[in-house]
Amino acid sequence: MQSTDLGNKESGKIWHRKPSPATRDGIIVNIIHNTSDYLPKVLRFLNVAFDSSGDCLLAGDHQGNIYVFDLHGNRFNLVQRTAQACTALAFNLHRKSEFLVALADYSIKCFDTVTKELVSWMRGHESSVFSISVHASGRYAITSSSDTAQLWDLDTFQRKRKLNILQSVGIQKVFFLPLSNTILSCFKDNSVFAWECDTLFCKYQLPAPPESSSLLYKVFAVTRDGRILAAGGKSNHVHLWCLEAKQLFRIIQMPTKVRAVRHLEFLPDSFDAGSNQVLGVLSQDGIMRFVNIQTCKLLFEIGSLDDGITSSIISPHGRYIAAIMENGSLNIYSVHTLTKEINKPPPPLVKVIEDLPKRKVSSGDLKMKVTSGRVQRPAKSRENKMQTRILKQDLTGNFENKENELSDGLNKKRLQILLKGYGEYPTKYRMFIWRSLLQLPENHTAFSNLLDKGIHVAFLNLEKTYPIKSRKLLRVLQRTLSALAHWSTIFSDTPYLPLLAFPFVKLFQNNQLICFEVVATLIINWCQHWFEYFPNPPINVLSMIENVLAFHDKELLQHFIEHDITSQLYAWPLLETVFSEVLTREEWLKLFDNIFSNHPSFLLMTVVAYNICSRAPLLNCDLKDDFEYFFHHRNNLDISAVIKEVYRLMDTTPTDIHPDSMLDAFVALTKGQYPVFNQYPKFIVDYQTQERERIRKDELDYLRERQTVEDMQAEVDQQRVEDEAWYEKQEQLRKAEETRREMLLQEEEKMIQQRERLAAVKRELKVKEMHLQEAARRRLLQLQQEQREMELRRLDDEIERKIHMRDREIAATAKDLEMRHLELESQKRLYEKNLTRNQEAVAKEMREDADACRRKADLEEHMFHRLIGMDQTQNQKTQKLIEENLAKAEQACLNTDWHIQALHKQRCHDLHRNECYQEMAKLLRKNRRKEIEILNAMREREAEKREEAEEKDLHLKSEKKASTLSEASRKWFLEKEINDALHAQHACNKGLDTYPGNF
């Protein structure tokens, strides 16, 4: 057993050497997925799904990694990372590269395995989706959860219908029946309903299980033909339902070690026509047992108690089994290896028979004990027991002819009795019975060698001669005819071979090997002596038919002779088409049930019986076209009556004209290699082959020459066409150029008109823009004017407030001065007496001081008048410049007016402040005179009192010093004001020179 670790690889090989699975377990490869992190862990696989071809497998793990395993190409690829666990997978959609995955967030996504892109995202479920069933066409899908099932259209990815149920009744499974339009819904209360897919009409409901059975269904499986439903649950019983009869027809009891069934699935077989006979049952112990539902025999099993299986799936063609193990790995099993022991040929039929006296026959020898253990070679054991039973019956005197014993335990005599009783074989077992009657060897290797030779040259253009709507059916017919032609050369020249093989090809189109061997067996046995007069119809065989017809119905034969109707018209069309043109499918199958069960002469007798049973309409026919139409179209004829007539003819026809005396008995195809077929005139076939080869070569030469001529003619025609096209193109170009010139002139005229209209529009827009700018400018000026008025009002309020404060300060100062004046007056009266004595001395000093003070006051007044003059000059210049600027621009005028008003307010404020200064100066002078008087009084007092003279003198000096400091301060103040005024005048002149309003 090989083991492959996916690791972190996104692609690679599944196995590195050719797998050779062991017979005991049948494992091709074990696939595990371990991470390569610091702490490695196993990523468990959760779901698997095969595609429709059965060679590609889709698997998803619990981290959302989805891989595609190509078992035919030995490759694996990581196609998607969904980042969440997948709960269900489906890989058999209409578009082969797409697949559906149900995720843990209750959504369903569709991805493409080639582009690895998201195709669609479907939502609608409110719980985990555990099942996805896809219609046989791949265009519809059903997704099932515990509370609902939804039908989706996979072309548009839209939800078509939704199945809502009661909460108390949960869903077990909803799925499509294979190859049909029926939906089967299974619920937890054991109710099973069948619905029509298109109309969702309830077709039927299965009855309840027997009351004695307490089994609650949990798992289900259906055969590929959709006729049998298997159901299981928490029990070792498996119920088998017949969906056609809608009844429970069998209950299989598994071994006692099986306590619950976890999964059911039928094993497909290429040769059972969909009626699968082997059922896989996965139980709670992790072992999947495969049993035959007819014989209830255990065939083989996979898995073990140590390495159990959690879920599994079988490929559609039945070659592989993919199982997810309990450890999270994925095992791929080979069904061929597991069934190798079962499919071994039976042992030789020769058995040693002991003498009768030495061994007595007991009743216990006829009993068979069925065990539940694993049977290593169940098929061989069954055959041994069957043969042993037959020999014992021989000993008891019930010996039957050896040639009547068929493979698979069938007896030809008993089948004939059954056939005569019911008229036909059961539809379900017909193919199985035919294979047994014809004893098909199923030579896979020999047939593969014939197929490997490819399509025979005689049938390369078969679709032209026989147009068939179904491409698949045409390919199968082409391969079958090619295999027959490669088997024997005669069949490449047989014109009616497609008509002969077509009904069998249509019947066995899914199994080409069986189809080929049935046709070959038919040719060897029922077409004896057909090719002795090749390429003409078999005159000898037709003569046999005519002799039998002459014996049983001379009137009908005489009627044929009178109207020049030969056996090539009333017998050969039926033979070369094996009645497929004149019978329906059911009638044809019923007829061939009898043909294959009897001697090869039965087919010739059928032709005679068909004519005899149709004698009434044939006797009414007079034209040859009517006869031809009759034998090439279906007629109102009871096939049962025809078959009954055939049996009568077989029994009543004399031996000398009976076809069975001239035809050999049935001979089956040989095992391993097919027999050589040379029952035809070889020289004619060789001559026809040579002639056909010569004709083919001549035809090839002719075709080659004709092809050369046609190529030259085609080149000439092409050149002529190209020249005509060139001239036509030149003419079209000239016309197009003229048209373009006219269009260009029209476009230029239109452009000029548009430019004029555009210029007018631009003018209008310009005028509107000017108006808008003017309105905006006016609004801006109005806003600025309002803002400046508001600013002026705010300044006026500020000035008024300051004036009010100044008036209050002046009033307070005046009151202080009045108080000071009163104090001085009182002091004057106190010191008048003392001052009178020194008045004269002090008067001189006072006059000098007064003159000095007057000179200083004159100087200060001159400086003050100069300051006032400079202010007036500056104001005049500023006013003149402002008037000029007002004339230049309205905006500048407003700004200048605002400055003028501000300066005017400031000047008024300065004038008012000067008046205050003057008043203050007056008060100071008045106070100074009073102080002088006080000083004079003090000097007079000092003169009177020498002791106080020095103190008074010091006081006088201090007062003079204070006066000097005050004068210096006033002088500095006036000089500073003059300098500030000069600087302000200079700055104003400079600002007016650079004002932006000056253009």
Side-chain angles (χ1 to χ4, degrees), residues 46-49 87-90 102 125 127-133 142-149 163 165-178 183-195 205-223 226 228-243 246-267 276 279-291 293 301-303 308-314 321 323-324 326:
L46 297 180
N47 288 279
V48 290
T87 58
L89 288 172
H125 283 277
S127 60
S128 179
V129 177
F130 56 77
S131 172
I132 301 177
S133 177
I142 295 177
T143 57
S144 305
S145 58
S146 59
D147 55 352
T148 183
L163 174 63
I165 62 171
L166 299 176
Q167 294 182 355
S168 58
V169 181
I171 294 176
Q172 287 289 11
K173 192 174 184 180
V174 180
F175 56 96
F176 287 104
L177 288 183
I183 300 174
L184 215 62
S185 59
C186 311
F187 301 96
K188 293 183 179 180
D189 60 353
N190 275 11
S191 58
V192 179
F193 293 86
W195 313 82
Q205 178 186 0
L206 294 182
E211 296 181 358
S212 59
S213 175
S214 60
L215 174 61
L216 291 178
Y217 297 154
K218 292 185 178 295
V219 289
F220 304 88
V222 182
T223 56
I228 297 177
L229 170 68
K234 198 172 182 180
S235 171
N236 65 342
H237 288 180
V238 177
H239 289 187
L240 298 180
W241 290 84
C242 178
L243 296 181
K246 305 176 188 59
Q247 64 181 0
L248 180 67
F249 73 93
R250 183 168 299 160
I251 298 178
I252 299 177
Q253 182 176 358
M254 298 299 293
T256 55
K257 62 181 72 175
V258 176
R259 298 190 302 273
V261 177
R262 294 167 57 180
H263 182 68
L264 292 173
E265 188 155 5
F266 282 95
L267 179 64
N276 311 133
L279 176 64
V281 182
L282 177 62
S283 57
Q284 88 290 340
D285 56 2
I287 299 175
M288 191 168 188
R289 299 169 175 86
F290 289 84
V291 298
I293 61 174
E301 59 186 29
I302 59 176
I309 299 173
T310 58
S311 63
S312 66
I313 187 170
I314 304 175
I321 301 175
I324 298 177
E326 292 179 349

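Model, not experiment: these values are computed from the prediction. As a basis for the values below, the full set of heavy atoms in this structure was taken, side chains included, without hydrogen atoms, waters or symmetry mates. The chain is numbered in sequence order, starting from 1.
Nearest heavy atom pair, residue D147 against residue S127, reads OD1-OG, 3.0 Å. Between L264 and A231, the closest heavy-atom pair is CD1-C, 3.7 Å. Across T148 and L163, no two heavy atoms sit closer than the pair OG1-O, 2.8 Å. Counting all heavy atoms, side chain and backbone alike, F130 lies closest to S146 at CE2-N, 3.4 Å. Closest of all the heavy-atom pairs between P209 and N190 is CG-ND2, 3.8 Å.
Annotation: side-chain hydrogen bond (donor to acceptor under 3.5 Å, both in side chains) contacts of D285 (sequence neighbours excluded): S283, R289. Annotation: ring pair (Phe, Tyr, Trp, His ring centres under 6.0 Å) contacts of F266 (sequence neighbours excluded): none. When the side-chain contact (heavy atoms from CB on, under 4.5 Å) test is applied to S185, the partners found at least two apart in sequence or on another chain are V174, F187, F193, W195. Residues satisfying the ring pair (Phe, Tyr, Trp, His ring centres under 6.0 Å) test with F175, not counting sequence neighbours, are none. Every side-chain hydrogen bond (donor to acceptor under 3.5 Å, both in side chains) that H125 has, sequence neighbours left out, goes to T143, S145. In this view, S191 and D189 satisfy the side-chain hydrogen bond (donor to acceptor under 3.5 Å, both in side chains) rule, not counting sequence neighbours. Take A208 and apply the side-chain contact (heavy atoms from CB on, under 4.5 Å) test, not counting sequence neighbours, and it matches no residue. Partners of I313 under the side-chain contact (heavy atoms from CB on, under 4.5 Å) rule, at least two apart in sequence or in another chain, are V48, F50, E265, A322. The side-chain hydrogen bond (donor to acceptor under 3.5 Å, both in side chains) search around Q172 returns none, not counting sequence neighbours. Here A102 pairs with T87, A88, I108, V129, I132 under the side-chain contact (heavy atoms from CB on, under 4.5 Å) rule; sequence neighbours left out.
Residues L240 and F249 meet the side-chain proximity criterion, which asks for heavy atoms closer than 4.5 Å. Contact check for V219 versus R262: no side-chain heavy atoms found under the 4.5 Å cut-off. Contact of the Y217 side chain with the S235 side chain is not registered, since no non-hydrogen atoms from C-beta on lie closer than 4.5 Å. L184 places a side-chain heavy atom less than 4.5 Å from the side chain of V192. With contacts defined as side-chain heavy-atom distances shorter than 4.5 Å, the pair L282/V261 does not qualify. At least one side-chain heavy atom of I302 sits under 4.5 Å from a side-chain heavy atom of I309.
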Q: Might you work through the side-chain contact (heavy atoms from CB on, under 4.5 Å) test for S312 and H263, ending with a clear yes or no?
A: CA-CA 8 Å; S312 66; H263 182 68; 3.6 Å; yes

Q: I would like to know whether Q253 and N236 meet side-chain contact (heavy atoms from CB on, under 4.5 Å); could you show each step before the answer?
A: CA-CA 6 Å; Q253 182 176 358; N236 65 342; 3.8 Å; yes

Q. Where do V238 and I251 land on the side-chain contact (heavy atoms from CB on, under 4.5 Å) test, with the steps shown first?
A. CA-CA 6 Å; V238 177; I251 298 178; over 6 Å; no

Q: Starting from the C-alpha separation in whole Å, work towards a yes-or-no answer on side-chain contact (heavy atoms from CB on, under 4.5 Å) for L279 and F290.
A: CA-CA 5 Å; L279 176 64; F290 289 84; over 6 Å; no

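Taking CG of L215 as the start and NZ of K234 as the end, the distance is 12.0 Å to the nearest 0.5 Å. To the nearest 0.5 Å, atoms CG (L46) and CG (L89) are separated by 9.0 Å. Rounding to the nearest 0.5 Å gives a distance of 3.5 Å between CD1 of I324 and OG of S311. With values rounded to the nearest 0.5 angstrom, T223 atom OG1 is found 9.0 Å from L229 atom CG. Note that CD1 of I228 is 8.5 Å distant from CG of N276, once rounded to the nearest 0.5 Å.
By the neighbour-count criterion of 12 heavy atoms within 6.0 Å, atom NZ of K246 is densely surrounded, having more than that number from other residues, nucleotides or ligands. The number of heavy atoms from other shown groups lying within 6.0 Å of CZ (R250) is above 12.
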